[in-house]
Amino acid sequence: HEEDRLSGAQGERVLGSVEHTQLTTFMLYNSPEAAEWMDFYEEEKRTSRRPSRSFPKFHPYMKGKLLEYDALLDVGGSLGGFPQVSDELRTLVHGPLLVVTMRTAIWSQGRHFRVERLDEKRAATQDCGVMGWFTQDSVSSASDRNPVRSSVAHYGKIEEILTVRYHARTTLEEVVLKCKWFRMNLVGHNRTCKEDACGFTRLKTRAGDGIRSSWR
């Protein structure tokens, strides 16, 4: 594939503490370096006597496991029960630097994307729209204790295009998109997403439907 090419105005900003935690978790969850550890985590969570809701999230779990791993290394203990630990994985667990670089546009895989605030000034084409498939657990009601995991389409707009840097055991640099996702209601008279007669997806995007921002 053609390499991503950033363009537009450039600036810097500092991540807030909540953003930093969200971004650290997102990058860790989506890294091939952590894939084996994700399976290890899910199996340990499944077999644990602790209630699922009290089991630690993946990032704090990994911080604890790396401490356990290093303690075994120090005393020459067996590491056969653990997946491999690379410098890249340690760097991802450590988290990114707080200062990120902002850009307003990017060419990726032959397509052009812009941040939402630029498209607000245009009456013709819009380049800030994104669509992605995300795995999520769904329940039928608040009392449902048997969530169903499925892949669900989400639609949104790009708020920011950021270059994120890591500098711990090794140096890494990644481009991420911070997106605003629209409320997805697929059934009933209040549905916000439907397919028209021509096969195009139509969304209700009135104020208030974009309820949360996340990374992509």
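Positions are given from 1, in the same order as the sequence printed here.
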Nearest 0.5 Å, what's the CD1-CZ distance between I106 and R114? 14.0 Å
More than 12 heavy atoms of other residues, nucleotides or ligands under 6.0 Å from CZ of R50: is that the case? yes
Main-chain N/O of M27 paired with S31 side-chain donor or acceptor, under 3.5 Å: no
Using ring centroids (six-membered ring only for Trp), state whether F55 and Y41 fall under 6.0 Å. yes
Could you please spell out the steps behind the salt bridge (Lys or Arg N to Asp or Glu O under 4.0 Å) verdict for R90 and D70? CA-CA 11 Å; R90 291 181 181 276; D70 290 340; 2.7 Å; yes
Closest approach of L92 to E33 (non-hydrogen atoms, all atoms of both residues): CD1-CB, 4.4 Å
Please check if the number of heavy atoms outside H112 that lie under 6.0 Å from its NE2 is greater than 12. yes
Grab the two heavy atoms, one from H20 and one from P96, that are nearest each other, plus how far apart they are. NE2-O, 2.7 Å
To the nearest 0.5 angstrom, please state how far the CG atom of L89 sits from the CG atom of L66. 6.0 Å
When rounded to the nearest 0.5 Å, the distance separating CG of L162 from CG of L177 is 8.5 Å
Side-chain touch E116/K180, heavy atoms, less than 4.5 angstrom: yes
In the structure I gave you, are the side-chain heavy atoms of K178 and I158 within less than 4.5 Å of one another anywhere? no
Is the backbone of T21 close enough, under 3.5 Å, to the side chain of H59 for a donor and an acceptor to pair up by distance? no
Rounded to the nearest 0.5 Å, what's the gap from CD on Q22 to CG on L15? Could you check? 10.0 Å
Close side-chain approach of H154 and M131, heavy atoms under 4.5 Å: no
Tell me, do F113 and V130 make a side-chain contact under 4.5 Å, heavy atoms counted? yes
Using distance alone, with no hydrogens and no angle criterion, decide if T170 and D87 have a side-chain donor and acceptor under 3.5 Å apart. no
Are any of the side-chain heavy atoms of Y61 and K45 separated by less than 4.5 Å? no
Donor-acceptor check, side chain of R165 to backbone of L97, threshold 3.5 angstrom: yes or no? no
Closest non-hydrogen atoms of M62 and L28, given as atom of the first, atom of the second and distance, are CG-CD2, 4.2 Å
Test your reading of the model: is there a side-chain donor-acceptor pair from W37 to the backbone of F82, 3.5 Å cut-off? no
Check whether any side-chain heavy atom of V164 lies under 4.5 Å from a side-chain heavy atom of E173, and answer yes or no. no
Hey, is the main chain of G16 close enough, under 3.5 Å, to the side chain of E19 for a donor-acceptor pair? yes
Drop me the distance from E159's CD to C179's SG, to the nearest 0.5 angstrom. 7.5 Å
Answer yes or no: is there a side-chain heavy-atom contact under 4.5 Å between H94 and Y166? no
Go through the steps for E88 and R169 under the test salt bridge (Lys or Arg N to Asp or Glu O under 4.0 Å), then give the verdict. CA-CA 7 Å; E88 288 79 5; R169 288 297 187 94; over 6 Å; no
Count the heavy atoms of every other residue, nucleotide or ligand shown that sit under 6.0 Å from CD of E43, and state whether that count exceeds 12. yes
Are L6 and T104 side-chain neighbours, meaning at least one heavy-atom pair lies under 4.5 Å? no
Looking only at the side chains, is there a donor atom on one of S108 and R5 sitting less than 3.5 Å from an acceptor on the other? no
Look up atom CZ in R13 and atom OG1 in T101, then write down how far apart they are to the nearest 0.5 Å. 11.0 Å
